[in-house]
Amino acid sequence: MDQASEPARYDFTTAEPRWQAAWNDRASFAAPDVPPEGAKKYYVLEMFPYPSGKIHMGHVRNYTLGDVVARYKRATGHLVMHPMGWDAFGLPAENAARDRGVHPGAWTYNNIANMRAELKRMGLSLDWSREFATCDPEYYGQQQALFQDLMAAGFVERKESWVNWDPVDNTVLANEQVIDGRGWRSGAPVEKKLLSQWFLKITEAAPDLLEALNGLDRWPERVKLMQANWIGRSEGARVRFELAQAVDGVTDVEVFTTRPDTLFGMSFLAVAAEHPLAAAAAARNPKAAEFIAECRAMGTSEAAIEQAEKRGFDTGFFVKHPFNGMEYPVWIANFVLMEYGTGAIFGCPSGDQRDLDFARKYGLPVLPVVLPPDADPATFSIADVAYTDDGRIYNSGFLNGLAVPEAKKAAIAALEEKRAGRGIVNWRLRDWGVSRQRYWGCPIPVIHCDACGVVPVPKDQLPVKLPEDVDFSRPGNPLDHHPTWKHVNCPSCGRAAVRETDTFDTFVDSSWYFARFCSPRAAEPLTKAAVDAWLPVDQYIGGIEHAILHLLYARFFTRALSGMGKVATPEPFAGLFTQGMVTHASYRAADGRWLYPEDVAVDAEGVATEKATGAVVAIGRGEKMSKSKNNTVDPGAIIDRYGADTARWFILSDNPPDRDMEWSEAGVAGAARFVQRVWRLVTTSLPLPPASETPGETPAGRKLRQVTHRSIAAVTTALETFAFNVAVARIHEFANAIAEAPADAAGAKLEALEALLRLTAPMMPHLAEELWSALHPGTTDLVAELPWPEADPDLLKADTLTLAVQVNGKLRANIEVALDASEDTIFTTALAEENVARAIDGKPIRKRIHVRGRIVNFVV
RNA sequence: GCGGGCGUGCCGGAAUGGUAGACGGAAGCGACUUAAAAUCGCUCGGGUGAACGCCUGUGCGGGUUCGAGUCCCGCCGCCCGCACCA
């Protein structure tokens, strides 16, 4: 092979580390804790990663998106803070400890070291000096201090709630550890168990959390909608039903309903399995107890409860209807949730699908009480579908003839008059249970003393550190069976007491980390000057799967901190962008094995076969990358082969960032070709001939300058709107135009190449630096520190106007007219087109439509 | 089950209610080469035509409009969340 004949190529393997070192040496991405007077601050944050061991393509996508924003904002004159850290507590570390005998801390910090090295290879404009992990005692100790502040401010309470209990492993299970109602390790049927736990009173903030969504104008509408529905404000009534006979001294049962207008359509009353009346029934009837036990086996997941077949048990109790005085049976039903409303409902089968399914199953009456418009009351009946829309009330005594909204008001008024109920606002949102019976989390900093009750650990004794010597060979919480850790003296009375052995939900860790980033080494949780200067986060970026819980908890936490005067802003994230997943084709053999892509051959017809056996393989369309499906792509391997810029470019170019993207080998290879193309475009232009004309003097020069400035404008708009794939397309077009520009446009070419590099820099920062230095030998400038190019408005204007001409809405011709052509001239020019005349075919023109700069339409 | 979203060529996608398919990928053909890679050029929704063109087409069925991928109503399919995964 003759080396000399090989065309020169861009060598990213040396260039990328070189520029990373240059940014590092210049501290190009460092930000001060408190910005200087007059600085335009911009806080860019991606959701910090869980240190699972390796970065995956979802991370690459997330951090590339954030990096484009950070670099673009820096170029447009902002002082940018762009930190990185680790959401480092959680179950996987404990699973690793149980499965492989590794200590959770060692496992986690080892993973962090690996992932940090991988992230650094991506060339992200991060301020690494702010890095921390939530499992650092320096971080969780401050969190313990914050929790005590929240306790003092009245945001914390202790109450009972249900958990999934594995009776064989004697441990609490997460919902994801419950599979088809059984524990994932033991396979034992899961039971619900009542535990005393710590709660943050998020429900008190519900009205405010809902109302303030209106002010989040840079959040996706769908996320705001999901949050609003989750908070779930609903207006309705509490209705008190007297029991026909008192049960254990209890004389009545309260239900919540949003449909008091349908009270006359009642055919039963149903309570949750955890309701006191259900317990009373169980005490009298072993069959009831059996049914309740079956309900408990469903676990605590709302999805599982609501998807289960509707089942019930007749308690034999009866209640009296507050309006008609009739008696109705009380059932225990598996679809009634104890956590919502009062844990009891009245069933109106004609107006609620669940009630109808239930009534049909158990042969309960179905009385229609809302008559749809245009329906005949004599013949209207309910078969398998409940009627939930508006209409006229009938079969309903004093409510007859009213429309649904009026009937609701009338029913509530009547309930209040009879003292049998009242109108109320009910919220779906429940308080936030933060206790977890696990080791690898932040210890809840309280001590339980028989004499003094709950006593906070004195602040000068924080952090309450996790013990290192823990035993994972036994099931259950290692903190609880540690021989010494929990035994302490009460800080208040000095007698023997025990530590709380529960740790915090990891959502607590992620509810304030963005604030801690502002002063990550401070001796107190937050530094007022720093958080007030930097918060709110200007652009937060992460997965849609966090649309509700994480974002709602972080909003609540920030509100609470703001209420205590620790943070000025109540809203943590001014702008939010939710990215889609990264998917990859998956291959599954007939026997159910998931195959690695490299073990599969795909022919031209798209038929896939397993290389080893030749057997045909099923191709799954893009599925979320997961180890269990063998369809992951290792970012490290991609960067080895193609470089970070290529990976970044492909991930940005493939599709809009809020949609799921399919990773494809061909796509990366195409991106790699473009990297080389830009490199050739610049290097083959060197050295640039001395400009014989000032830019734009020749017709070709002016044309290239127009393209340059239109490209600047188009890419800027695309970046501002997160349309990164469009920005990529515009840069492709721009590069094509530069390549095609004739030689006499030399003066405009330098301007074009500079603009190309600066527009590309947020997306392919290493290549931009490499070529900038080639274009300006000896320069000490870094593109990362240069300002964003500005489009010259004069060069954005077109020289003529191109209009589409339609006849009856169908395109028939294009015409070109002067910018200032009159409407008459435009119509005359349009009608002169042969194709237009043929389409009109002499028919009279009924209407002429002209939209300036767009279109002409003749209606005939 | 409930809540939210998405659906456009072979594929990813573009398109302030105004020329559907920009840009890229794949594929095919050609140039260069002993050959391949790389590179460059051409073709590339379907139908019809010698050609200017014409008809049709944005998951399905309706509607609003001079004009609908875009707005409205009803379906179908896929995806996300459902409170202890992060």
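A, B, ... follow the sequence lines: proteins, then strands. Residue 1 opens every chain.
A/Q307 comes within 4.0 angstrom of a nucleotide base, judged by non-hydrogen atoms across all strands.
Between A/Y63 and A/H59, the ring planes lie parallel to each other; the angle is under 30°, not in the 30° to 60° tilted range.
Side-chain proximity of A/R659 to B/rG81, B/rC40, B/rC6: nearest is B/rC6. Checking B/rG12, B/rG18, B/rC54 against the side-chain heavy atoms of A/N835 singles out B/rC54 as nearest. Considering only the side chain of A/I849, B/rG18 comes nearest among B/rU19, B/rG18, B/rG12.
Annotation: B/rG63 and B/rU58 have their P atoms spaced 15 Å apart (nearest Å). B/rA37 and B/rU48 have their C1' atoms separated by 41 Å, with the value rounded to a whole Å. Nucleotides B/rG13 and B/rG21, compared at atom C1', are 9 Å apart to the nearest Å. Taking atom P in both B/rC44 and B/rG24, one finds a spacing of 15 Å when rounded to whole Å. A gap of 13 Å separates the P atoms of B/rC23 and B/rG41, to the nearest Å. Remark: the separation of the P atoms in B/rG57 and B/rU70 is 13 Å, to the nearest Å.
We find that A/E302 and A/R428 are joined by a salt bridge, their nearest charged nitrogen and carboxylate oxygen being less than 4.0 Å apart.
There is no side-chain donor-acceptor pair under 3.5 Å between A/D166 and A/T171. Judged by distance alone, the side chains of A/T300 and A/N164 do bring a donor and an acceptor atom under 3.5 Å apart.
Taking for each of A/E733 and A/S653 the nucleotide of RNA chain B with the nearest heavy atom, the 5'-most of the two is the partner of A/S653.
Distances shorter than 4.0 Å separate none of the side-chain N or O atoms of A/R838 from OP1 or OP2 on B/rC52. A close approach under 4.0 Å does occur between a side-chain nitrogen or oxygen of A/N725 and OP1 or OP2 of B/rA14. Side-chain N/O atoms of A/K224 include none lying less than 4.0 angstrom from OP1 or OP2 on B/rG4. For B/rG24, the OP1/OP2 oxygens have a side-chain nitrogen or oxygen of A/N736 closer than 4.0 Å. Residue A/N655 places at least one side-chain N or O under 4.0 Å from the OP1 or OP2 atom of B/rG13.
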**OP:** Evaluate side-chain contact (heavy atoms from CB on, under 4.5 Å) for A/Q177 paired with A/L91, printing each intermediate quantity in order.
**Re:** CA-CA 10 Å; A/Q177 297 173 325; A/L91 272 179; 3.7 Å; yes

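A/I651 places its CD1 atom 18 Å from the P atom of B/rG25, with the value rounded to the nearest Å. The separation between A/L225 atom CG and B/rC2 atom P is 17 Å, rounded to whole Å. Distance CD (A/E221) to P (B/rC6): 12 Å, rounded to an integer number of Å.
In terms of polar N and O atoms assigned as donor or acceptor, the side chain of A/R9 never comes within less than 3.5 Å of the base of B/rA38 in a complementary pairing. Side-chain atoms of A/R812 and base atoms of B/rU19 include no donor and acceptor less than 3.5 Å apart. Under 3.5 Å, the side chain of A/Q353 and the base of B/rG1 form no donor-acceptor pair of N or O atoms.
Between A/F48 and A/F514, the gap from one ring centroid to the other reaches at least 6.0 Å.
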Please list, pair by pair, any protein nitrogen or oxygen found under 3.5 Å from a nitrogen or oxygen in nucleotides 83-86 of chain B.
unit_1, atom_1, unit_2, atom_2, d
B/rA83, OP1, A/N175, ND2, 3.4
B/rA83, OP2, A/E302, N, 3.0
B/rA83, O5', A/N175, ND2, 3.2
B/rA83, O2', A/R430, NH2, 3.4
B/rA83, N6, A/R428, O, 3.0
B/rA83, N1, A/R430, N, 2.9
B/rC84, OP2, A/R436, NH2, 2.9
B/rC84, O4', A/R436, NE, 3.0
B/rC84, O4', A/R436, NH2, 3.3
B/rC84, O3', A/N175, N, 3.4
B/rC84, O2', A/N175, N, 2.7
B/rC84, O2, A/R438, NH2, 2.4
B/rC84, N4, A/Q197, OE1, 3.2
B/rC84, N4, A/Q437, OE1, 3.0
B/rC85, OP2, A/E176, N, 3.2
B/rC85, O4', A/E176, OE1, 3.2
B/rC85, O4', A/E176, OE2, 3.2
B/rA86, OP1, A/L91, N, 3.1
B/rA86, OP2, A/T506, OG1, 3.2
B/rA86, O3', A/D87, OD2, 2.8

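One finds the CG atom of A/N857 at 7.0 Å from the CG atom of A/N808 (value rounded to the nearest 0.5 Å).
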**OP:** For RNA chain B, just give me the dot-bracket, please: Watson-Crick or G-U, both distances below 3.5 Å, ( ) intra-strand, [ ] crossing earlier pairs, | paired with another strand, . unpaired.
**Re:** (((((((..(((.....[....))).(((((.......))))).((((....))))..(((((..]....))))))))))))....

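Regarding the sugar-base torsion, B/rG28 falls in the anti class, its angle being beyond 90° of 0.
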